[in-house]
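Comments concern the structure below.
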Amino acid sequence: MAALIFGALLAVALRAETGRGFNAADWAALRFTLVQATLSALFSVLLAIPVARALARRRFRGRSLLIALLGAPFILPVIVAVLGLIEVFGRGGWVSAALGTLGLPPVQIYGLHGVVLAHVFFNLPLATRLVLQGWQEIPAERFRLATLLGIDGWSMFRVIELPMLLRLIPGAFTVIFAICLTSFAVALTLGGGPRATTIELAIYQAFRFDFDLGRAALLSAVQLGLTVFAGGIALWLARGEGFGSGLDRGLRRFDGKTTTARCIDALFIGVAAVFLLVPLMAIALSGLPGFADMPGQVWTAAVTSLGVAALSTVLLLCMALPMAAAIATERGRMVEIAGLLGLAASPLVIGTGLFIAIRPYANPQAFALPVTALVNAITVLPFALRILVPRARDIVARQGRLGLSLGMAGLPFLRHVLLPRLRPQIGFAAGLAAALSMGDLGVITLFADPNVATLPLQVYRLMGSYQMEAAAAASFLLLILSFGVFWLLDRGGHRHAET
Amino acid sequence: MLKLEAATIRNGTFTLSADLIVPTGATVAVIGPSGAGKSTLIEGIAGFLPTAQGRIAWQDTDITDQPPGARPVAMLFQEDNLFPHLTLAQNVGLGLSPNLRLSPDDKARVRAALNRVGLTGMDTRKPGELSGGQRSRAALARVMLQDKPLLLLDEPFAALGPALRMEMLDLVAQIASETGATLLMISHAPEDARRITKQAILVADGTAHAPRPTGELLDNPPPVLRDYLGS
């Protein structure tokens, strides 16, 4: 694992032409990357605070469903969301149409604000979940005591909630900032041009249009420096201490009973739900009619994508399971660090490295699909480890000694105890891997020749040739397939699972 | 016989020293105040805690550096003695083969062991569907098949009611005498110790003392044990 990533990085480093330095376009890309990531993180977190506060103190039907839905963007293919946002906010979209009836000019989605809009769409749910978690970690006793002391509304916010937010917000901001730094597909579809190009996109352009490997490698090195720096800060901020434990008697809130407070909460929950759900509805509505007569290459691409997703899932499990086992049995400090490397190196950086490494020996285009599957697996690895390791540790702590006393050390323990008991977590991790690989529009763009396409790439090509109806239908298919494979694998892990 | 020769067993910062001999086939209670190191002694013998100095030997074979699975030891813990996701037959079968490759002959032995402990026909049940007493029986069935010369009990029946606990202790005594196993059993209740053990090791002040007849030790306890027993 580490050899793979470091090998790719080494290839990049050897190729990077540091002597030549940055040209004006490179500086613009760096500036745009930082500006869009800052704005995206800022808006996501600022909006998340009132939404999370409302969700924390209201109980209503569909609340848990809404919170579960906040996890959905994680496996939502970027290209699908982008298309949905274009349907709503684009030049010919619903918002523009509504403005048109009022005699106002249509809105424009391409450029900085479009990129930020899409990033907020993806990261508002994540930010909301992070902030909501902070609220839920405040022991119910604190609120009870505060109520007893007559604290309500604004003072409640200042006394209890603000200190929690001040501790939590920097971490949430940095995580989202780091995620947006490596944004590729959003910038590819909604950005572009000299004024809206991220470094990740510049790597792609250097590669694809100029075939300037030296410049791609140099940009990759800069990108790596940025992500390592931001990721390091995020990790450092994340190790903050908790809020002290309470006896946790189901959170019952006594404050915020005024009509104004209720209306404000309802407004924020409503706006967030509409903002997140309407673009998906738009895809379903415009995708359904064209579903029957989709071009043949869409179906071919769908089959290709399923194959890539399957391969990627297998590769992920082959890496993640031995690593999780090693970490759980405490033989794996280094292994744990290797798992985190996947976070630091962005997909396009690894892709660039692999391209440079393969090229002297073979035609990289021939490896488009396996490389995509591999890079997808590496990207998911840190998340998979976070899902698998805590449970694996738990199993080893509870049942390791029994296994040892029966002479089951090693393979028998892995096969008869660890794997069966990890099944729900394995299913969940496999589901994530399959869905993310299914919807990924990243490395494949570097490697693919015109005859090969995964489904997301096919959607992108249809968009590029302005076949919007076919693109909508194909992305609806992609949406169904991504959520479908996730659901199947996750459910497979839970069926017949033992407590 | 089990021999601990000037052995020091380390459990974190705590150390327990033992220099004693347990004859083959003996039934021995391990008694002493809470926190004195009873579990440390048992886990040291089982191989879960390292022996810092001295050596542990069984029938003149040095087992000091052997891993737990390789030692001539079967052990029951306070809890979690069965794997919850495996059936009773699989759990008991682990006593014959750690990778669960069981021949038809092995499977017949598993069934026989389940019969012996009164769990006839429960092969396909999982531990979660059983009562505490039935789980203990299943664990004992596995101990029978493991057929190790040393049987160590770290209070596996502590959570059972008095009548059920006595029943389990009697079953343990029967199994130990049938297989000729040497039994070491941690005990908090003097009546348990009197019921099935002939000798007792007193663990106090960081030392495990050589075994003495159980009745004699309990009838005439040294001060540290008297304070603990409260009589």
Side-chain angles (χ1 to χ4, degrees), chain A residues 317 320-322 324-333 387-431 489-499, chain B residues 39 42-50 66-102 124-129 135 138-139 141-148 150-154 156:
Chain A
L317 292 180
L321 289 174
I327 296 169
T329 47
E330 316 212 331
R331 286 180 283 118
R333 277 266 101 206
I387 294 163
L388 293 170
V389 166
R391 172 73 176 153
R393 280 210 171 108
D394 196 44
I395 294 168
V396 170
R398 269 182 83 91
Q399 279 143 358
R401 291 202 317 175
L402 176 57
L404 279 180
S405 82
L406 292 169
M408 295 173 77
L411 222 53
F413 189 76
L414 194 70
R415 181 162 153 236
H416 292 295
V417 183
L418 202 58
L419 292 185
R421 304 210 29 86
L422 268 177
R423 228 178 90 171
Q425 285 72 30
I426 294 173
F428 184 49
L489 288 169
D490 185 41
R491 208 178 111 93
H494 282 285
R495 263 182 65 190
H496 308 301
E498 314 300 332
T499 46
Chain B
S39 292
I42 292 292
E43 291 183 14
I45 297 171
F48 291 113
L49 291 174
Q66 282 182 0
R71 296 194 180 199
V73 168
M75 177 165 178
L76 291 184
F77 305 98
Q78 281 189 12
E79 49 197 4
D80 293 320
N81 282 303
L82 301 174
F83 291 112
H85 63 291
L86 299 180
T87 64
L88 283 201
Q90 286 174 314
N91 264 298
V92 174
L94 283 171
L96 290 174
S97 156
N99 52 25
L100 276 180
R101 282 199 203 101
L102 300 176
T124 57
R125 300 282 189 91
K126 297 211 172 152
E129 306 165 43
R135 282 200 286 267
R142 190 187 61 220
V143 166
M144 277 172 65
L145 292 187
Q146 279 181 273
D147 198 21
K148 298 278 182 119
L150 258 174
L151 174 53
L152 310 180
L153 306 187
D154 186 0

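In the text below, chain A, chain B and the rest are named by the order of the sequence lines, each starting its count at 1.
- Within the structure, the side-chain hydrogen bond (donor to acceptor under 3.5 Å, both in side chains) test picks out the following pairs touching residues 397-406 of chain A (sequence neighbours left out): A:Arg398-B:Asp80, A:Gln399-A:Arg421, A:Arg401-B:Glu43.
- Proximity to chain A is limited to the backbone of B:Leu82, based on heavy atoms less than 4.5 angstrom apart.
- Using a 4.5 Å cut-off between heavy atoms, B:Arg142 touches chain A through its side chain atoms alone.
- Checking side-chain atoms of A:His416 against main-chain N and O of B:Pro98 turns up no donor-acceptor pair under 3.5 Å.
- Two residues are said to be in side-chain contact when any heavy atoms from C-beta on lie closer than 4.5 Å; B:Leu152 and B:Leu76 fail this criterion.
- Shown here are the salt bridge (Lys or Arg N to Asp or Glu O under 4.0 Å) partners of A:Asp394, two or more places apart in sequence or in another chain: A:Arg391.
- Contact of B:Phe48 with chain A is made through the side chain alone, with heavy-atom distances under 4.5 Å.
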